[in-house]
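Computed from heavy atoms alone, side chains included, the values below leave out hydrogens, waters and symmetry copies.
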Amino acid sequence: MTIRTIVASAPGKLVLAGEYAVLSPGEPAVVVAVDARITVRVRPAGAYSFSSESLGLTDLPVRYEDERWVPETGPAPRVAFAATAVNVVLGYLRDRGLDVSPFSLEIEGALESTGGAKYGFGSSAAVSVALVGGLLAAFGLEPDAAQVFKLAALAHHEAQGSGSGLDVAAASYGGAIRYVAFDPDWLNERRAAGDTVAQLVDGAWPLLGIEPLGWPDDLALGIGWTGVPASTSALIKEVAGARSGRSPGYARFLIQSRQATNALAAALRDRDAQGAVRALFAAREAIRVLQEASGVSIETPALSAFAEASEAAGGAGKSSGAGGGDCGVALFAGSQGLVRARAAWERSGLEALDVSLSRTGLSLSR
């Protein structure tokens, strides 16, 4: 079939509340999309090729054999990640009876600093969502957020074997979202049982909950970068002992996290800026309980300084995602508190990022 030229972009994410807890069945998180974006261009071509600005790859040849899209390069993790997303989509197209014909893929942009250090914005999820949406549209489909989420989450899960999928949800839907993760064991069982990609996309996913929330007009979002990249997977493994052992401290963390996360979701739903600030403060307290229970440094000294400066300016701040570095996130009822906090962050050695809420998730154009 004729392939259309499509430009697809997807945003990064920051977790406001519920990180770590979201890895336990049924526990909620609140995540927001941020206006740092990855762009993917899909074009019809005489032969398959792959380009990536951030990886320094231009027109890398790609083989298509045994119904697999295989880039001609070594086992570079980010190339393999993109290949997994492409192959999940191609499987879905074949399930739909669509012919696959050659195309070129170009990935532009990077959710990282000018020096190449990561901010923790979920670059791989944004790439997966942009690839999925761009390829579906290029082959004549009209993807919706739920369809894109399931395909990108499936690719993400197959590529790394873990993860909650909340970064994929933020990239797919945009805005602020209350998120409850799907059951990964169920997904593994269905794949092992031979379910096709189309069957998985069309069916219900146990436990999964995605609720787009509002955002108060007077609620200001601030982001400060510690300058220290953190490994999400390594931190999750460190915390896993407390989680698997179900210590009293971890149980207390789950209760406090659930209360704070639901309070934040309710405040955003009701457009209550002051309520959102109070809830973020409570979410920080929950993380500190987890830190004590696990012995893992989630809120580093730099992130503590960030949070305390945010509170002194009349708002609330905390680590975002796995913590241990990366970015802190803060909320203020009004812009003046954010202005004061940004100056304090800079004085303490953090970089105040000019990144804000993205109300748009996946975006497609021709």
Discussion item. Under 4.0 Å between a side-chain nitrogen and a carboxylate oxygen: does that hold for R190 and D183?
Written reply: no
Worksheet entry | Note, W225 side chain near L350 side chain (heavy atom, < 4.5 Å) | no
Worksheet item: So, the side chain of Y20 versus the backbone of I236: is there a donor-acceptor pair under 3.5 Å, distance only?
Response: no
Worksheet entry | Y92 and L135, any side-chain heavy atoms less than 4.5 Å apart | no
Fill in: Side-chain donor or acceptor of T226 paired with backbone N/O of D326 under 3.5 Å
yes
Worksheet item: Any donor-acceptor pair under 3.5 Å linking the side chain of R63 with the backbone of E72?
Response: no
Fill in: Nearest atoms (heavy-atom pairs only) where I298 meets L303
O-CD1, 3.5 Å
Worksheet item: CD of E142: more than 12 outside heavy atoms within 6.0 angstrom?
Response: no
Discussion item. Whether the side chain of R178 engages the backbone of A265 through a donor-acceptor N/O pair (distance < 3.5 Å, no angle test) should be reported.
Written reply: no
Worksheet entry | Any side-chain donor near an acceptor of the partner, E299 and S304, under 3.5 Å | yes
Fill in: D144 side-chain N/O to A146 backbone N/O, donor-acceptor pair under 3.5 Å
yes
Worksheet item: Within a radius of less than 6.0 Å around CD of E292, do more than 12 heavy atoms belonging to other residues, nucleotides or ligands occur?
Response: no
Discussion item. Whether D354 and R342 form a salt bridge (side-chain N of Lys/Arg under 4.0 Å from carboxylate O of Asp/Glu) is what I want to check.
Written reply: yes
Discussion item. Looking at every non-hydrogen atom in both residues, tell me the closest pair between L14 and C327 and how far apart they are.
Written reply: CD2-CB, 4.3 Å
Discussion item. Contact between V88 and V132 at the side-chain level, heavy atoms closer than 4.5 Å - yes or no?
Written reply: no
Item to complete: State, yes or no, whether a side-chain contact exists between V86 and F103 at a heavy-atom distance under 4.5 Å.
Response: yes
Discussion item. How close do L235 and S297 get, counting heavy atoms only, and between which atoms?
Written reply: CD2-O, 4.4 Å
Practice prompt. Would you check if the side chain of S51 reaches a backbone N or O of D59 as a donor-acceptor pair within less than 3.5 Å?
Written response: yes
Worksheet item: Under 3.5 Å, side chain of D167 to main-chain N/O of A125, donor-acceptor pair present?
Response: no
Discussion item. I need the full list of side chain to side chain donor-acceptor pair (under 3.5 Å) pairs touching residues 305-318, with sequence neighbours left out, sorted by first then second residue.
Written reply: E19-K318, R284-E311, S310-W345
Worksheet item: Between the side chain of E346 and the main-chain N/O of A352, is any donor-acceptor distance below 3.5 Å?
Response: yes
Practice prompt. Quick one: which residue pairs count as a ring pair (Phe, Tyr, Trp, His ring centres under 6.0 Å) with a foot in residues 160-180, not counting sequence neighbours?
Written response: none
Worksheet item: Would you say V197 and K150 make side-chain contact, with heavy atoms under 4.5 Å?
Response: no
Fill in: Given T261, L166, V22, the one that forms side chain to side chain contact (heavy atoms under 4.5 Å, CB included) with P28
T261
Worksheet item: What residues, two or more places apart in sequence or in another chain, satisfy side-chain hydrogen bond (donor to acceptor under 3.5 Å, both in side chains) together with E211?
Response: R269
Response to the item:
The ring-ring contact (aromatic ring centres under 6.0 Å, His included) partners of F182 (sequence neighbours excluded) come to W205
Worksheet item: So do the side chains of D272 and P216 get within less than 4.5 Å of each other, counting heavy atoms only?
Response: no
Worksheet entry | Any donor-acceptor N/O pair, S164 side chain to L23 backbone, under 3.5 Å | no
Worksheet item: Which pair of non-hydrogen atoms, one from L338 and one from G222, has the smallest distance, and what is that distance?
Response: CD1-CA, 3.6 Å
Discussion item. Applying ring-ring contact (aromatic ring centres under 6.0 Å, His included), can you list everything that pairs with F253, at least two apart in sequence or on another chain?
Written reply: Y250
Worksheet item: Of all residues at least two apart in sequence or in a different chain, which pass the salt bridge (Lys or Arg N to Asp or Glu O under 4.0 Å) check with R359?
Response: none
Worksheet item: Quick one: are L136 and L364 in side-chain contact, heavy atoms under 4.5 Å?
Response: no
Worksheet item: Where is the tightest heavy-atom contact between V42 and A138, given as atom of each residue plus distance?
Response: CG1-CB, 3.7 Å
Worksheet item: Would you say R271 and L219 make side-chain contact, with heavy atoms under 4.5 Å?
Response: no
Item to complete: Check for a donor-acceptor pair, side chain of N87 on one end and backbone N or O of R68 on the other, with a separation under 3.5 Å.
Response: no
Worksheet item: Closest approach of W69 and S49, non-hydrogen atoms and distance?
Response: CZ2-O, 4.4 Å
Worksheet item: Which of these, R41, E108, R37, sits in a side chain to side chain donor-acceptor pair (under 3.5 Å) with S9?
Response: R37
